[in-house]
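All remarks here apply to the structure that follows.
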Amino acid sequence: MRTLPKGLLAVGGPLLALLLVIVIWAAAVQLWAIPPYVLPSPALTWAHILADLPVLLAGFRQTFLTFLLGFVLGAGAGFAFAVIMDALPWVRSVLYPILIASQAVPVIAISAALTIWLGFGLAPKLVIVALVVFFPVVVNVLDGLHSVDRDMLNLVRSMGGSRLGIFRHVKLPATYTPLFSALKLSATFSVTGAVIGEWTASTSGGLGAYLLQANSRLNTAGTFAAIAFLALLGVVSFLMVLALEHLMTPWRHSPHARSWSRRYWRG
């Protein structure tokens with residue numbers, strides 16, 4: 001029996017699931033005669049998207065920019081902190097308990113304080129998104145650095161490997177798998193962080209502000225239209241991380257290993 005190509009399954013499976021959700025949604029609205037102000041039908045939601053498409057696209061671009069900048073900022077800061085804590089154990093003993101305790105505070109609880117400190121605009125929204133990404137990256141990268149075999153490190157040192165060369169060729173590749181696991185997990189959560197930031201500190205629109213405005217007007221179709229675009233943004237962000245993972249971990253899909261040379265470990 002012939003099996004379907006992997007590419008067809010990867011694309012067709014999600015599309016089939018989406019179609020199934022839409023069919024169940026439309027059938028539930030028709031079967032129970034749900035009023036549009038409670039649950040709009042897929043057709044009504046689509047009509048609202050077409051009618052308000054320029055505003056929704058502008059909001060999508062604004063929220064995507066907030067997400068992207070905050071995501072990069074949080075991932076970069078988290079990676080740097082993990083490397084520093086791995087290189088300096090006393091820094092880890094001081095900061096790690098503080099990082100764990102900080103996760104007990106919801107981001108939405110400090111969003112108002114960030115608005116007071118940083119004002120309205122892009123800065124507090126970037127900090128909120130970065131905070132969502134920061135902790136998972138720190139924890140996963142630190143675990144990856146600590147998972148390196150000590151015998152491997154001793155072997156590379158005995159071959160004349162420099163500290164930078166050891167980090168580049170041994171420790172750094174060990175962080176890729178846990179790093180991208182954290183990034184894929186944080187990609188969709190960061191969209192939520194961007195929406196929270198737009199609720200509390202937005203002066204330039206965005207899907208979060210659009211969603212808040214639709215809720216205040218009891219515009220259920222507009223609310224579902226914003227939710228659909230936020231779901232699209234979550235999928236786009238996840239696929240971006242997957243594409244980056246594909247580029248950064250070629251050994252997962254390529255059978256060819258990197259050629260060795262005498263200066264390999266010296267970098």
### Task
Tell me whether the centres of the aromatic rings in W25 and F224 are closer together than 6.0 Å.
yes
### Query
Of all heavy-atom pairs between A194 and T66, which one has the smallest distance, and what is that distance?
CB-CG2, 4.2 Å
### Message
Is the distance from the ring center of F229 to that of Y210 below 6.0 Å?
### Response
no
### Summary
Value for CG (L56) from CZ (R61), rounded to nearest 0.5 Å, stands at 11.0 Å
### Query
Can you find a pair of side-chain heavy atoms, one from L39 and one from W32, that are under 4.5 Å apart?
no
### Task
State, yes or no, whether a side-chain contact exists between L99 and M85 at a heavy-atom distance under 4.5 Å.
yes
### Query
Does the side chain of T200 reach to within under 4.5 Å of the side chain of I128, using non-hydrogen atoms?
yes
### Summary
Smallest heavy-atom separation, V83 atom then L145 atom, equals CA-CD1, 4.0 Å
### Query
Between F64 and F60, what is the ring plane arrangement, given parallel below 30°, perpendicular above 60°, and tilted in between?
parallel
### Message
With a 3.5 Å distance limit and no angle check, can you tell me whether S186 reaches the backbone of L183 through a side-chain donor-acceptor pair?
### Response
no
### Cluster overlap I24 with L19, hydrophobic side-chain contacts below 4.5 Å
no
#### Entry: Minimal non-hydrogen separation, L126 against G70, with atom names
CD2-N, 3.5 Å
### Query
Would you find a donor on one side and an acceptor on the other, under 3.5 Å apart, between the side chain of N219 and the backbone of G222?
yes
### Task
Check for a donor-acceptor pair, side chain of N140 on one end and backbone N or O of P136 on the other, with a separation under 3.5 Å.
yes
### Query
Within a strict 4.5 Å, meaning less than it, do heavy atoms of the D86 and K171 side chains meet?
yes
#### Entry: L172 side, atom CG; L164 side, atom CG - distance, nearest 0.5 Å
10.0 Å
### Message
Taking atom OH as the centre, does Y96 end up with more than 12 heavy-atom neighbours from other residues, nucleotides or ligands that are less than 6.0 angstrom away?
### Response
yes
### Summary
So OG of S237 and CZ of F67: to nearest 0.5 Å the spacing works out to 4.0 Å
### Task
Report yes or no: does S41 contribute a side-chain atom to a donor-acceptor pair with the main-chain N or O of L44 at less than 3.5 Å?
yes
### Query
CE/M248 to CG/L179 distance, rounded to the nearest 0.5 angstrom?
8.0 Å
### Query
Are L122 and L65 connected in the hydrophobic side-chain network, where two residues link if heavy atoms are under 4.5 Å apart?
yes
### Task
Would you sort out whether M240 and L68 count as a side chain to side chain contact (heavy atoms under 4.5 Å, CB included), showing the intermediate values?
CA-CA 10 Å; M240 287 174 58; L68 185 61; 3.8 Å; yes
### Task
Kindly give the heavy-atom pair with the smallest separation between T220 and P40, and that separation in Å.
CG2-CD, 3.3 Å
#### Entry: From CG (L114) to CD1 (I196), nearest 0.5 Å
11.5 Å
### Query
Are the side chain of Q62 and the backbone N or O of G206 linked by a donor-acceptor pair below 3.5 Å?
no
### Query
Is there a side-chain contact between V141 and F81, using heavy atoms and a 4.5 Å cut-off?
no
### Query
Given the rule that I, L, V, M, F, W and Y join up when any side-chain heavy atoms are under 4.5 Å apart, are V195 and F71 in one cluster?
yes
#### Entry: Connected via hydrophobic side-chain network under 4.5 Å: V91 and I100
yes
### Message
If we ignore hydrogens and angles and just use 3.5 Å, is the side chain of T63 paired with the main-chain N or O of L207 as donor and acceptor?
### Response
yes
### Message
If I compare all heavy atoms of V241 with all of A187, which pair ends up nearest, and what's the gap?
### Response
CG2-CB, 4.2 Å
### Query
What closest approach, in Å, do V133 and A75 show between heavy atoms, and which atom pair accounts for it?
CG1-N, 3.8 Å
### Separation of S190 OG from F238 CZ (nearest 0.5 Å)
12.5 Å
### Query
Mind checking whether L211 and W199 have side chains closer than 4.5 Å, heavy atoms only?
yes
### Message
Is there a side-chain contact between L239 and L242 in this structure, where contact means two heavy atoms from C-beta onward sitting under 4.5 Å apart?
### Response
yes
### Query
In terms of hydrophobic clustering (I, L, V, M, F, W, Y; side-chain heavy atoms under 4.5 Å; direct or indirect links), are L118 and I116 co-clustered?
yes
### Task
Please tell me if the side chains of L69 and K125 come closer than 4.5 Å, counting only heavy atoms from C-beta onward.
no
### Task
Carefully, step by step, assess R92 and H146 under the rule side chain to side chain contact (heavy atoms under 4.5 Å, CB included).
CA-CA 12 Å; R92 182 189 179 192; H146 285 177; 2.6 Å; yes
